[in-house]
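Step one of this worksheet: look at the structure below.
Residue numbers start from 1 in every chain, and the chains themselves are labelled A, B, ... in the order their sequence lines are given, proteins ahead of strands. Model, not experiment: these values are computed from the prediction. Both backbone and side-chain heavy atoms feed into the values below; hydrogens, waters and symmetry mates do not.
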2 protein chains.
Amino acid sequence: MAEAWGVSYATVSRTLNGRSGVDPKTREKVQRVADRLGYSPNLHARSLKTNQTGIIGLILPDISNPFFADIASAVNKVIYAQGYNSILCTTGWDVEIEEKQLSVLLDHRVDGIIFKPSPELTERYANLPIAKVMISNAQDRRFNFVEIDNREGGRIAADHLSDCGYQAPAFIGGDEDSRSNRDRLRGFRERLKERRIELSDKTVRFGGFSIESGYQSVSTLLDQSDRPDCFFCGNDLIALGVLQFLSENRYAVPNAAGVVGFDDVYFSSLPQIQLTTIRQPRHEIGAYAAQALIAALENDDPRPTTHITLQPQLIARNTTIRQSSKQSQETP
Amino acid sequence: MAEAWGVSYATVSRTLNGRSGVDPKTREKVQRVADRLGYSPNLHARSLKTNQTGIIGLILPDISNPFFADIASAVNKVIYAQGYNSILCTTGWDVEIEEKQLSVLLDHRVDGIIFKPSPELTERYANLPIAKVMISNAQDRRFNFVEIDNREGGRIAADHLSDCGYQAPAFIGGDEDSRSNRDRLRGFRERLKERRIELSDKTVRFGGFSIESGYQSVSTLLDQSDRPDCFFCGNDLIALGVLQFLSENRYAVPNAAGVVGFDDVYFSSLPQIQLTTIRQPRHEIGAYAAQALIAALENDDPRPTTHITLQPQLIARNTTIRQSSKQSQETP
DNA sequence: ATGAAAGCGCTAACAC
DNA sequence: GTGTTAGCGCTTTCAT
């Protein structure tokens, strides 16, 4: 701000930051000049001095995936309200890009980060001397985290498919390295076992978290001799791919084949889709994560304090056989 | 970087930025120390000096909308590759928030911005002394812009619905203030007129760009005495809302009612949806915008040079009556 | 090839 | 209530 005006820089700073100790008249005068000049404070200079940037870093795999888009959206809503902004980094599920992006965020001296890590990078994140919140995963109490009880989600799916009377379940996952996916499979398998249904390795497939991947996997599974009669999918995109293949190949859903997704992306509820799925409260994930980060930012004790495990929920729709009984239906 | 090591800051700077004029031995030594210390350059300090931040601002209405999510995704992909990062700001279609976010970006001294403006703020953007690319809209040659020929999109829809034999078209738009929406309506109406079909004001409705809005609007339209037999919707979300209502109320699509969307969001192609729509090349929009911005950044002449108008395309699927003839079908 | 030093725009003592 | 000033971590002349 041009100091061509008759006050010192200190006074300007005090005024513009609403600090006390400025004569109301001076304050008003400065404010007017600032407005007239369209003054915009240089946040970099401020950051240099204060070691605060008002920016939080968000590392997510893929924002074209509505699941992450909604999380990002919820995070932003919360942090905007607190005067923060975010730099969103997407990794495309690529570890190297993720590492690179992380460095960039650090170079930008973000106040904190919210991230969905690839497993390989967990240690790297753990050692970061910065406020952070991890989304999903690992029950690693070195972090603040917000996660979904994926194992329970798997159990819920197993119960439901079994209740529906399906006999030959299959699991179609995304990335095999994904911890959340493994947990879903684990819960699925263990609950099936309790119900005396075996989930053989031949009916477990991994691909990616995409429509195409689901389409591919189900095509392979139905080529085998022991055909599954139902599919628990790692996410809704995969399930949509499965449904697409089933529809194209004239498999009757839900009677000839049941499909359960994971996430409850918003279009899963459309009348034309009506996908039975395990809902993750995406908005809550993002909102809680943001709140946790802001709490960490305002807390000088660096030890993690937030460990939130959110419960998934069965949303029974039309891609599995309707049960008359006690299930939770979409419209109770 | 602690200067506890026997070289001057200048040498460190030269080394780390790959400037010439450093003895290879010194260079290596410095590099090693930097690596060992996990040195992370303070980008704010650098920015203060260089007036460059390597950050570009992205202002979009709503990232939960897959249309904008895909644009953001494409933008990021391109700018990452050039060593830039982005701050993504979402406005929730709220002008005040948009203005606020814009100020924040300016305070952060972003190198440039890519934005989808609300009409009220266009002047504000125009006066910004910063590299910028506008997405969609206004044919305003004061800007670099990447836009869709919305009017042509409306004409295409009119041609198609008319070819299908529908007689009583309706238009269900999003925000009435949206220029792109008005252009679609304009093209729609003018082409209908050429074909001797009148689009009365009673069959034109606006709401928002959401499923709920489409659902509401169609319900009102079908309550009227002159019932439309087909709907051209401002975007695919609206169309999905329309389809939902139609499905719940047992209107047979496409025979009793035709529906055309706009955007071709990826789930519109699902077997269960098969929405006829006017495709916008979302990825191209984002990619071109990013390229244009980078070009502007590297060009010291501030005058806008990029004016790209992308053509929408009819994707005929199952929510309109199939034509045997010359239409462009999804799978030719 | 390297160092010294100024200065980017701001904040926060500290003095008056 | 206001001004002076040091310094945040860098880049970049200008000397040497």
To the nearest angstrom, the CG-C1' distance between A:Leu43 and C:dG9 comes to 11 Å
Between CG of B:Leu16 and P of D:dG9 the distance, given in whole Å, is 15 Å
What pairs with [X] under side-chain hydrogen bond (donor to acceptor under 3.5 Å, both in side chains), at least two apart in sequence or on another chain?
{"X": "B:Glu120", "result": "none"}
{"X": "A:His44", "result": "B:His44"}
{"X": "A:Asp175", "result": "none"}
{"X": "A:Gln139", "result": "A:Glu147"}

Atom OH of B:Tyr288: over 12 foreign heavy atoms under 6.0 Å:
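No.
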Residues 63-83 of chain A vs side chain to side chain donor-acceptor pair (under 3.5 Å), sequence neighbours excluded, gives A:Ser64-B:Asp70, A:Ser64-B:Ser73, A:Asp70-A:Arg282, A:Asp70-B:Ser64, A:Ser73-B:Ser64, A:Asn76-A:Ser86
Within residues 44-53 of chain B, which residues have any heavy atom lying less than 4.0 Å from an atom of DNA chain C?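 Contacts with DNA chain C under 4.0 Å: B:Leu48, B:Lys49.
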Residues in side-chain contact (heavy atoms from CB on, under 4.5 Å) contact with A:Leu48, at least two apart in sequence or another chain: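 In terms of side-chain contact (heavy atoms from CB on, under 4.5 Å), with neighbours along the sequence ignored, A:Leu48 is linked to B:Asn42, B:Ala45, B:Leu48.
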Exercise. Would you please confirm or rule out a distance under 4.0 Å between OP1 or OP2 of D:dC8 and any side-chain N or O of A:Arg109?
Key: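 For A:Arg109, the contact criterion (side-chain N or O under 4.0 Å from OP1 or OP2 of D:dC8) is not met.
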Distance below 4.0 Å between B:Asn17 side-chain N/O and D:dT11 OP1 or OP2:
yes
Set out, line by line, the N/O atom pairs under 3.5 Å between protein and nucleotides 1-5 of chain D.
unit_1: D:dT2; atom_1: OP1; unit_2: A:Thr26; atom_2: OG1; d: 2.5
unit_1: D:dT2; atom_1: OP2; unit_2: A:Asp23; atom_2: N; d: 2.6
unit_1: D:dT2; atom_1: OP2; unit_2: A:Thr26; atom_2: OG1; d: 3.1
unit_1: D:dG3; atom_1: OP2; unit_2: A:Ser8; atom_2: N; d: 2.9
unit_1: D:dG3; atom_1: OP2; unit_2: A:Ser8; atom_2: OG; d: 3.3
unit_1: D:dG3; atom_1: OP2; unit_2: A:Thr11; atom_2: OG1; d: 2.9
unit_1: D:dG3; atom_1: N7; unit_2: A:Arg14; atom_2: NH2; d: 2.9
unit_1: D:dG3; atom_1: O6; unit_2: A:Arg14; atom_2: NH1; d: 3.3
unit_1: D:dG3; atom_1: O6; unit_2: A:Arg14; atom_2: NH2; d: 3.4

Those residues at least two apart in sequence (or on a different chain) that pass ring-ring contact (aromatic ring centres under 6.0 Å, His included) with A:Phe145 are A:His307
